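It should be emphasised that the depicted structure is a prediction, and the values quoted were computed from it without experimental measurement.
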Amino acid sequence: MTVMHHQGYEAVIEFDEDANLFHGEVMNLRDVITFQGSSADELKQAFAESIEDYIAFCRERGEEPEKPFSGQFIVRTDPALHRALTTAARRAGVSLNKWVTTALERAVL
């Protein structure tokens with residue numbers, strides 16, 4: 001899978017051999033943003049223009065453009081694990097949020 005980035009947005013790219021075109025779709029949004037181009041430069045330009053058009057469209061409607069990642073997500077867990085995590089955070093002298101964030105950073109870095 002090929003991924004492109006523009007202003008915090010990510011898009012997955014596919015090549016349509018029959019049409020001889022690259023197609024892109026922005027990931028991780030409820031809104032659908034697509035673009036295409038026949039070369040890498042065209043594709044990059046189309047991606048940037050699609051993001052700018054999306055932002056302008058939202059502005060015209062008085063809405064905030066959706067961002068792929070807000071930095072917030074809900075985790076559902078067993079109550080016993082929730083209690084153990086809270087206890088570990090208290091022992092470390094930090095909030096549960098900070099403790100979990102640190103644990104997640106260690107897991108992915």
Side-chain angles (χ1 to χ4, degrees):
M1 173 181 2
T2 301
V3 177
M4 292 177 66
H5 301 88
H6 181 75
Q7 292 186 4
Y9 293 89
E10 294 180 318
V12 63
I13 309 304
E14 293 182 3
F15 181 69
D16 182 338
E17 191 173 356
D18 294 332
N20 200 34
L21 282 174
F22 295 97
H23 295 275
E25 181 172 350
V26 177
M27 301 184 298
N28 304 315
L29 298 179
R30 288 183 305 264
D31 295 319
V32 177
I33 304 173
T34 61
F35 54 96
Q36 65 183 28
S38 59
S39 69
D41 287 337
E42 262 187 42
L43 193 66
K44 287 178 186 178
Q45 182 65 31
F47 183 21
E49 289 173 0
S50 291
I51 295 299
E52 297 304 322
D53 289 347
Y54 170 68
I55 292 169
F57 177 74
C58 289
R59 211 175 279 133
E60 288 173 12
R61 295 184 63 171
E63 299 173 355
E64 281 295 314
E66 187 180 356
K67 287 289 189 179
F69 299 100
S70 68
Q72 298 178 17
F73 64 98
I74 296 172
V75 176
R76 300 198 192 290
T77 187
D78 183 80
L81 178 58
H82 188 176
R83 183 182 316 109
L85 294 170
T86 301
T87 301
R90 284 186 182 150
R91 280 192 207 128
V94 297
S95 69
L96 177 59
N97 186 68
K98 178 64 176 165
W99 194 93
V100 170
T101 298
T102 301
L104 293 172
E105 286 171 344
R106 284 189 204 130
V108 298
L109 300 177

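Cluster annotation: V100 and I74 are assigned to distinct hydrophobic clusters (Ile/Leu/Val/Met/Phe/Trp/Tyr, side-chain heavy-atom contacts under 4.5 Å, transitive). No continuous path of hydrophobic side-chain contacts links I33 to V3 [ILVMFWY only; heavy atoms under 4.5 Å]. Residues M4 and V32 are members of separate hydrophobic clusters, defined by side-chain heavy-atom contacts under 4.5 angstrom among Ile, Leu, Val, Met, Phe, Trp and Tyr. By the rule that hydrophobic residues join a cluster once side-chain heavy atoms approach within less than 4.5 Å of another member, L104 and L85 end up as members of one cluster. In the hydrophobic clustering of this structure, L96 groups with V94; members are Ile, Leu, Val, Met, Phe, Trp, Tyr whose side-chain heavy atoms approach within less than 4.5 Å, directly or through other members.
Between T34 and S50 the shortest heavy-atom distance is O-OG, 3.3 Å. Between L81 and T77, the closest heavy-atom pair is CD2-OG1, 2.9 Å. The heavy-atom pair separating L43 from G37 by the smallest distance is CD1-N, 3.7 Å. Closest heavy-atom contact between S95 and A89: O-CB, 3.8 Å.
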Show your working on side chain to side chain contact (heavy atoms under 4.5 Å, CB included) between Q7 and I55 and close with a plain yes or no. CA-CA 11 Å; Q7 292 186 4; I55 292 169; 3.5 Å; yes

Dump the intermediate steps for side chain to side chain contact (heavy atoms under 4.5 Å, CB included) on V26 and I51, then the final yes or no. CA-CA 9 Å; V26 177; I51 295 299; 3.9 Å; yes

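Taking the side chain as every heavy atom from C-beta outward, F15 and N20 approach each other to under 4.5 Å.
Judged purely by atom type and a 3.5 angstrom limit, E66 uses its side chain to pair as donor or acceptor with the backbone of R30.
For the atom pair CZ (R83) and OG1 (T87), the distance works out to 7.5 Å, reported to the nearest 0.5 Å. With values rounded to the nearest 0.5 angstrom, M27 atom CE is found 4.5 Å from E10 atom CD. Atom NE2 of H6 is separated from atom CD of Q45 by 9.0 Å, given to the nearest 0.5 angstrom. Atom CD in E25 sits 8.5 Å away from atom CD in E14 (nearest 0.5 Å).
Summarising the local packing, CD of E63 is surrounded by more than 12 heavy atoms from other residues, nucleotides or ligands at distances under 6.0 Å. Enclosure of atom CD in E105 by more than 12 non-hydrogen atoms of other residues, nucleotides or ligands within 6.0 angstrom is indicated. Around the CZ atom of F57, the shell of radius 6.0 Å holds no more than 12 heavy atoms that belong to other residues, nucleotides or ligands.
Of the residues listed (Y54, Y9, F22, F35), the one engaging F47 in a ring-ring contact (aromatic ring centres under 6.0 Å, His included) is F35, and it is the only one.
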